[in-house]
Q: 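After the structure tokens below, expect a handful of questions from me.
Here is the naming used below: chain letters follow the sequence lines, and residue numbers restart at 1 for every chain. Atoms considered below: every heavy atom in the structure, side chains included; atoms not considered: hydrogens, waters and symmetry mates.
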Amino acid sequence: MPDKGKARQTLPKGALLSKPKEFQAVYQNGKRLRGKEFSLIFMPNGLNTNRLGISVHGVKRAVARNRIKRIIREFYRLNRQFISPSSDIVIAVRKDFPPDSPQEVGRAVRPLLRNLPLA
RNA sequence: AGGAGUGGGCGCAUGAUCGCGCUGGCGCAGGUCGCCGGUGAGGAAAGUCCGGACUCCGCAGGGCAGGAUGGUUCGUAACGCGAACCGGGGGCGACCCCGGGAAAGUGCCACAGAAAACAGACCGCCCCGGUUUUCCGGGGUAAGGGUGAAACGGCGAGGUAAGAGCUCACCGCUUUCAUGGUGACAUGAAAGGCACGGCAAACCCCAUCCGGAGUAAGACCAAAUAGGAAAGCGUUUGAGGGCUGCCCGCCCGAGGCUUUCGGGUAGGUUGCAAGAGGUGCCGGGUGACCGGCAUCCCAGAUAAAUGAUCAUGGCCCCGCAAGGGGUACAGAAUUCGGCUUAUAGCCCACUCCUUUUU
RNA sequence: CGGGAUGUAGCGCAGUCUGGUAGCGCACUUGAAUGGGGUUCAAGGGGCCGGAGGUUCGAAUCCUCUCAUCCCGA
């Protein structure tokens, strides 16, 4: 868990992918890690920060959809410093993934991150 | 006490820490910046079922189609919404549900039944003739039987060979008149003498209303590609286009239009939030609602902000207790008025029924 | 934001406009034929027509609301 207070855990808009082009670039050139309920796609971006993109598919109710995004974003905010810099990451969530807290996301993501080659 | 009806309201609160959008101010190293403050989802934001505002389409016009609504009168910017009333139906009741026209026409009414729609007669009933344990023929009749969702006024009396609105009383129906009401309609009187089955959420008729698109409307700035290729049509005797779908009619119209292929851009600003606005008081109206005064400013995102963690406290459920669990439906996207649908747990007001006690 | 289509047997579809009996193919079950299987032939079972109300004597069909799935346009 993050050591409190040292680094500020901010999450400005620039740290989120927002253009279709950016998403397409990650989808086409990135590496995929498949999990049970979501996929994790990443690629180097040439910047000195990492960026996050969230894709939720198949969840129809807006409340549930937004909640998934917010929780994933919160998880990313808290753990951003541990993710290798200068890379774009897209988390593509499939249908039956109803996380209730950032910790749950962490538990689900960590096994995949372990395989991430930090090169 | 229990059950029920109608109308209305709330729909977690407070604090701390870390974050996010918009915004005011200040600072500088002038941007992926920092600090201080303000503000930030709903009663349905939902479904997109109606009606408006706004914007563009060049709102000339006429006709035909097409769609919607459907007791009356009000309310409203408008409505398919709301209010009050009228008529019919349901409920012991509070109360709830339904609503043009079937004597303009067309069509449909399966099965059963004699007959299903300007009537007709299977079994009956009665009379006459023949024959005579019985049955046959002719005529009258529609009260009774049976079928069906529905059977040609209902019920009683008179009357008759048996019967029948054949006659009469009451009820219903139709027509006319009178009175009351803005009106739907109500009440009363007279006459007619039974003619008029149901279905228009079947076609249809009648009345009223409706131009088309939609904020990705539309306006501005910036960037980029290209003045491309093929086919067809046509240049005043007019291709093609616009005016809603069609017709009439009108208008525009020349190195142009249509189709296909190929190529490019899809970034920013605005629209974009002070509104048929909210709250309070007063006044008018049975009511929906309207008027006046005061006061408040109340989200503006764009792969789309309103979140996470912790604590304390409400409320509900389980449990003797310690304690444990739960806290719905659901997320703004130009905007407003309705409708419809979803919704844990509650609260308030008025009313009805049953039972008990006094 | 706007416009449309479809839900019927395990699967794919008719029937809906014009209301009264839900039918076709594949699959399934049983029997026949074969030494056995396939093919073939014969017979049979299986549906409260996506859900809830309403209109009608009667609704898969007509009307209203609602739930899914799919497809267009800007």
Side-chain angles (χ1 to χ4, degrees):
Chain A
M1 278 286 110
D3 41 5
K4 24 197 158 161
K6 280 203 174 172
R8 288 179 47 78
Q9 299 161 323
T10 60
L11 187 66
K13 278 241 153 151
L16 295 171
L17 300 181
S18 65
K19 301 288 159 54
K21 272 187 176 176
E22 298 169 348
F23 275 82
Q24 288 304 321
V26 177
Y27 286 143
Q28 284 171 15
N29 306 321
K31 282 197 157 191
R32 281 168 185 272
L33 294 176
R34 292 181 182 280
K36 261 186 198 170
E37 293 145 320
F38 56 89
S39 288
L40 209 143
I41 308 139
F42 66 95
M43 66 172 274
N45 62 2
L47 305 171
N48 50 8
T49 49
N50 47 33
R51 298 188 298 179
L52 173 72
I54 307 169
S55 168
V56 183
H57 191 75
V59 179
K60 295 217 114 180
R61 290 157 57 234
V63 174
R65 195 170 54 241
N66 286 339
R67 181 161 176 79
I68 290 170
K69 285 185 180 176
R70 285 167 183 160
I71 286 173
I72 290 175
R73 204 160 52 227
E74 181 72 7
F75 162 78
Y76 174 73
R77 182 175 74 82
L78 294 172
N79 297 283
R80 199 179 168 194
Q81 49 192 307
F82 300 97
I83 298 171
S84 66
S86 64
S87 62
D88 285 349
I89 300 171
V90 171
I91 296 181
V93 178
R94 272 190 287 277
K95 251 186 184 176
D96 307 305
F97 183 53
D100 233 23
S101 65
Q103 282 74 29
E104 254 180 71
V105 178
R107 248 175 277 128
V109 168
R110 201 149 290 125
L112 288 179
L113 282 179
R114 207 157 287 154
N115 304 330
L116 211 163
L118 295 163

Q: Quickly work out the A/Asn79 CG to B/U309 P distance and round it to whole Å.
A: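 Between P of B/U309 and CG of A/Asn79: 14 Å.
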
Q: For B/G99, which nucleotide is its Watson-Crick or G-U wobble mate, given both distances must be under 3.5 Å?
A: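 Check on B/G99: paired to B/C86, both distances under 3.5 Å.
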
Q: Could you work out the separation of B/G300 and B/A226 based on their P atoms and round it to a whole Å?
A: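 Each nucleotide's P atom is 44 Å from the other's.
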
Q: OP1 or OP2 of B/A305 less than 4.0 angstrom from a side-chain nitrogen or oxygen of A/Lys69, does that happen here?
A: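 Checking A/Lys69 against B/A305: no side-chain N or O falls below 4.0 Å of OP1 or OP2.
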
Q: At under 4.0 Å, does any side-chain N or O of A/Arg73 touch on OP1 or OP2 of B/U306?
A: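 Checking A/Arg73 against B/U306: at least one side-chain N or O falls below 4.0 Å of OP1 or OP2.
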
Q: Mind calculating the distance between CD (A/Glu104) and P (B/A308) to the nearest angstrom?
A: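 So the two atoms are 13 Å apart, to the nearest Å.
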
Q: About how many Å separate OG1 of A/Thr10 and CZ of A/Arg80, when rounded to the nearest 0.5 Å?
A: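 Here the rounded value is 6.5 Å.
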
Q: How should the glycosidic conformation of B/U237 be described, syn or anti, under the criterion that syn lies within 90° of 0?
A: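 Anti, angle beyond 90° from zero.
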
Q: For B/C339, give its Watson-Crick or G-U wobble partner with both distances under 3.5 Å, or none.
A: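 The base-pairing partner of B/C339, which may sit in any strand shown, is B/G47.
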
Q: State the pairing partner of B/U312; accept Watson-Crick or G-U wobble contacts with both distances under 3.5 Å, and report none otherwise.
A: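 Pairing partner: B/A13.
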
Q: Could you check which nucleotide pairs with B/G93 in any of the strands shown, counting Watson-Crick or G-U wobble with both distances under 3.5 Å?
A: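 When the pairing criteria are applied, nothing turns out to pair with B/G93, so the answer is none.
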
Q: Just the rounded figure in Å: distance from C1' of B/A305 to CG of A/Leu11.
A: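 Taking CG of A/Leu11 and C1' of B/A305, I get 12 Å after rounding.
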
Q: Using a 90° cut-off around 0 for syn, call B/A46 syn or anti.
A: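 Anti, angle beyond 90° from zero.
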
Q: Could you please spell out the steps behind the side-chain contact (heavy atoms from CB on, under 4.5 Å) verdict for A/Leu52 and A/Ile54?
A: CA-CA 7 Å; A/Leu52 173 72; A/Ile54 307 169; 4.0 Å; yes

Q: Both distances below 3.5 Å, Watson-Crick or wobble geometry, any strand: find the nucleotide opposite B/A150.
A: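 Looking at the geometry, B/A150 pairs with no nucleotide.
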
Q: Let's go through A/Lys31 and A/Leu40 carefully: what are the C-alpha distance in whole Å and the side-chain angles of both, what is the deciding distance for side-chain contact (heavy atoms from CB on, under 4.5 Å) to 0.1 Å, and is it a yes or a no?
A: CA-CA 8 Å; A/Lys31 282 197 157 191; A/Leu40 209 143; over 6 Å; no

Q: Given the C1' atoms of B/A78 and B/G181, what is the spacing between them in whole Å?
A: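 So the two C1' atoms sit 30 Å from each other.
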
Q: Looking at the angle O4'-C1'-N9-C4 for a purine or O4'-C1'-N1-C2 for a pyrimidine, is B/G165 syn or anti, with syn meaning within 90° of 0?
A: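 Syn, angle within 90° of zero.
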
Q: Where does B/G43 fall, syn or anti, if syn means a chi angle no more than 90° from 0?
A: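 Classified syn.
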
Q: Between atom CD in A/Gln103 and atom C1' in B/A308, what is the gap in whole Å?
A: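 Taking CD of A/Gln103 and C1' of B/A308, I get 9 Å after rounding.
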
Q: For A/Met43 and A/Val26, work out which heavy atoms get closest and say how close.
A: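 Of all heavy-atom pairs spanning A/Met43 and A/Val26, the closest is SD-CA, 3.5 Å.
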
Q: Would you kindly compare A/Ala62 and A/Ala15 by the position of their nearest RNA chain B nucleotide and give the one closer to the 5′ end?
A: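 Going by which nucleotide is closer to the 5' end, it is A/Ala15.
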
Q: With salt bridge (Lys or Arg N to Asp or Glu O under 4.0 Å) as the test, would you mind laying out the steps for A/Glu104 and A/Arg107 before giving the verdict?
A: CA-CA 5 Å; A/Glu104 254 180 71; A/Arg107 248 175 277 128; 5.5 Å; no

Q: Taking the side chain of A/Val63 as its heavy atoms from C-beta onward, which of B/A330, B/G307, B/A303 lies nearest to it?
A: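 Side chain of A/Val63 sits closest to B/A330.
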
Q: Have a look at A/Leu17 and say if it touches a base, only the backbone sugar-phosphate, or nothing, with a 4.0 Å heavy-atom cut-off.
A: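 Result for A/Leu17 = sugar-phosphate.
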
Q: For nucleotides B/U69 and B/G82, find the distance between their P atoms and express it as a whole number of Å.
A: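 One P to the other, the span is 15 Å.
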
Q: Using the P atom as the point on both nucleotides, what is the distance between B/G240 and B/C247, in whole Å?
A: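 Here B/C247 and B/G240 have their P atoms 13 Å from each other.
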
Q: Give the minimum heavy-atom separation between A/Phe38 and A/Ile91, together with the two atoms involved.
A: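 Looking at all heavy atoms of both residues, the shortest contact is CD1-CG2, 4.2 Å.
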
Q: Given atom CD1 of A/Ile68 and atom C1' of B/A308, what is their separation to the nearest angstrom?
A: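 Value for this atom pair: 16 Å.
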
Q: Quick one: look up who B/C35 pairs with, Watson-Crick or G-U, both distances under 3.5 Å, and put none if it's unpaired.
A: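 Pair assignment: B/C35 / B/G25.
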
Q: Given that A/Arg65 and A/Pro102 both sit by RNA chain B, which one's nearest nucleotide is further toward the 5' end?
A: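 Nearest nucleotide further toward 5': that of A/Pro102.
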
Q: Considering every strand shown, what is the Watson-Crick or G-U wobble mate of B/G19 when both distances are under 3.5 Å?
A: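 The base-pairing partner of B/G19, which may sit in any strand shown, does not exist here.
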
Q: Which nucleotide, B/G307, B/C20, B/U309, lies nearest any side-chain atom of A/Glu74?
A: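 So the side chain of A/Glu74 is nearest to B/G307.
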
Q: Starting from the C-alpha separation in whole Å, work towards a yes-or-no answer on side-chain contact (heavy atoms from CB on, under 4.5 Å) for A/Asp88 and A/Phe42.
A: CA-CA 5 Å; A/Asp88 285 349; A/Phe42 66 95; over 6 Å; no

Q: In whole angstrom, give me the gap between the C1' atoms of B/A186 and B/A202.
A: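 Looking at atom C1' only, B/A186 and B/A202 are 35 Å apart.
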
Q: What's the gap between B/A110 and B/G148 when it is taken at their P atoms, as a whole Å value?
A: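 One P to the other, the span is 14 Å.
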
Q: Which value, in whole Å, describes the distance between the C1' atoms of nucleotides B/A219 and B/C248?
A: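 Going atom to atom, C1' in each nucleotide, I get 38 Å.
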
Q: Expressed in angstrom and rounded to an integer, what is the separation of A/Asn66 atom CG from B/A301 atom P?
A: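 A/Asn66 atom CG is separated from B/A301 atom P by 16 Å.
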
Q: Using atom P of each nucleotide, how far apart are C/A68 and C/A52 to the nearest Å?
A: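 Here C/A68 and C/A52 have their P atoms 16 Å from each other.
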
Q: Look at the side chain of A/Arg70 and the base of B/C20, then say whether one donor and one acceptor between them are separated by less than 3.5 Å.
A: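 Answer is no: no donor-acceptor pair is held.
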
Q: Report the distance from atom CD1 of A/Ile72 to atom C1' of B/G19, rounded to the nearest whole Å.
A: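 Answer to the nearest Å: 17 Å.
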
Q: Which nucleotide, if any, forms a Watson-Crick or G-U wobble pair with B/A68, using both distances under 3.5 Å?
A: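 Across all strands, the one nucleotide that pairs with B/A68 is B/U208.
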
Q: When syn is taken as a glycosidic angle within 90 degrees of 0, is B/C126 syn or anti?
A: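 It is anti.
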
Q: Taking CZ from A/Arg67 and C1' from B/A330, how many angstroms apart are they, rounded to a whole number?
A: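 Taking atom C1' of B/A330 as the reference, CZ of A/Arg67 is at 13 Å.
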
Q: Could you state the interatomic distance from NZ (A/Lys69) to CZ (A/Arg73), rounded to the nearest 0.5 Å?
A: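 The CZ atom of A/Arg73 is 8.0 Å from NZ of A/Lys69, to the nearest 0.5 Å.
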
